[in-house]
Amino acid sequence: AEPAAPAAGDNTEEGDIVIGGILPMTGAIATFGQSSKKGVDLLVEQVNAKGGVLGRKVVFKVEDNKSTQADSATAAQKLIQQDKVVAIVGAVASSNSLAAAPIAQEAKIPMVSGSSTNPAVTEVGDYIFRAAFIDPFQGAVMANFATKDLKAVKAAIMTDANSDYSIGLGNVFKDVFTANGGTIVSEVSFVSGDTDFNTILTTVKNAKPDVVFVPSYYDTVGLILNQAKNNVGFPAEVKFLGGDGWDSPALFELAGDAANGHYFSNHYSPDVDSPEVKAFIDAYKAKYNEVPDALAALAYDAANMILTSIEKAGTTDAPALRDAIAAVELNAVTGKIKLNEKRDPVKSAVVIVVEDQKQKYFTTVNP
Ligand code: PHE
């Protein structure tokens, strides 16, 4: 009898190469997962059209973490034990990556988060990598922007008490803004799922800040911006500032024109011309008929780090693949990716201003 063909994901040197994804396809931050999946699907399609990796077809298997930590851990277990993936792309939210990373580390399956920016994620171990810059940089970018560009001296900070990303980024902003000579006049917190921010916004308004830093995700930020303008009556000259977590088309659905005039840091802007960005946008538009956001770009880059490294290592074997990812050098969509000894890339950030309920490139800040 013929020997049975190897099943997908059997981790031998023959069958399809199966990459896992731990993504928030549903729940509070679902646009992040949907964009990320589109980014990876595009790369896999491009790679397979050119004959795959090591002559083998690449398959991307996504588990929905429903935007939660518990489902992120379950997803990691399932992908590793059942699907026998050779590497994982994800998660998105830092708290969710922190839930999945110990499982990948323990199993020695390389995990590359496209977008998690909390430093603790890659500190989990030597099998955990990322494509994004980290929050100590991003938070400093926005604190310096507040001090130098906006000439702010008084800032308020609103954080999600359940999010490692939000707390970490808020702390960096506070440290840098204070070191710049500024004062934090109000600090309030909320949790994802809250929908009424009128009380804390009134507290913040009464403290008379020049800027309000809201390092949270679009689901809460959209409502906060809306209620700040329409319910609490913030003066237009008070600027709201945020981080990459604002990057979603849903922000504008939730905030409407209340998002206009405010600023956030991000990993990439389609307005910035580079050969890599242009090729990515053209291919993404052709496949999906929309302009990719940073989540799509970062997930594309994270998957590219994995697939490039498999080709280079000549194997999907975990220790060799780990070493190849650690040494990867890519002219990626979101910038040059070369990891430091902490498995973090050192890359530029862009500052985005919201105009006419759209993101507009404002400036680039280099590390
Ligand atoms: N940086 C966020 C986190 O660590 C995730 C994110 C990245 C969200 C990019 C939007 C865009 O939780």
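Counting convention: from 1, in listed order, for ligands and their atoms alike.
Listed by atom number, the atoms of ligand 1 under 4.0 Å from Ser115 heavy atoms are 1 (N), 2 (C), 4 (O), 5 (C), 6 (C), 7 (C), 9 (C). Within the listing of ligand 1, atoms 12 (O) sit less than 4.0 angstrom from a heavy atom of Ala93.
Looking at every heavy atom in both residues, Phe32 comes nearest to Gly245 through CZ-O, 3.4 Å. Nearest heavy atom pair, residue Lys38 against residue Tyr288, reads O-OH, 2.7 Å.
With a 4.0 Å cut-off on non-hydrogen atoms, Leu295 touches ligand 1 through its side chain and not its backbone.
Side-chain polar atoms of Thr147 and Asn180 form a donor-acceptor pair below 3.5 angstrom. A side-chain donor from one of Tyr165 and Asp244 sits under 3.5 Å from a side-chain acceptor of the other. Judged purely by distance below 3.5 Å, without hydrogens or angles, the side chains of Thr122 and Arg130 pair a donor atom with an acceptor atom.
In this structure, Asp83 contributes its side chain and Val85 its backbone to no donor-acceptor pair below 3.5 Å.
For atom 12 (O) of ligand 1, the closest non-hydrogen atom of the protein is Tyr217 OH, 2.5 Å. Nearest protein heavy-atom contact of atom 10 (C) of ligand 1 is Asp244 O, 3.1 Å.
Ligand 1 has no N or O atom lying under 3.5 Å from any N or O atom of Asp247, backbone or side chain. Between Asp135 and ligand 1, a contact under 3.5 Å exists for no N or O pair.
In this structure, Ser116 counts as a contact residue of ligand 1, since one of its heavy atoms falls inside 4.0 Å of the ligand.
Remark: among candidates Gly243, Ser35, Ser94, the nearest residue to atom 4 (O) of ligand 1 is Ser94, based on non-hydrogen atoms. Between the choices Tyr218, Phe133, Tyr165, the shortest heavy-atom distance to atom 3 (C) of ligand 1 belongs to Tyr165.
Between Phe280 and Leu42 the shortest side-chain heavy-atom distance falls below 4.5 Å.
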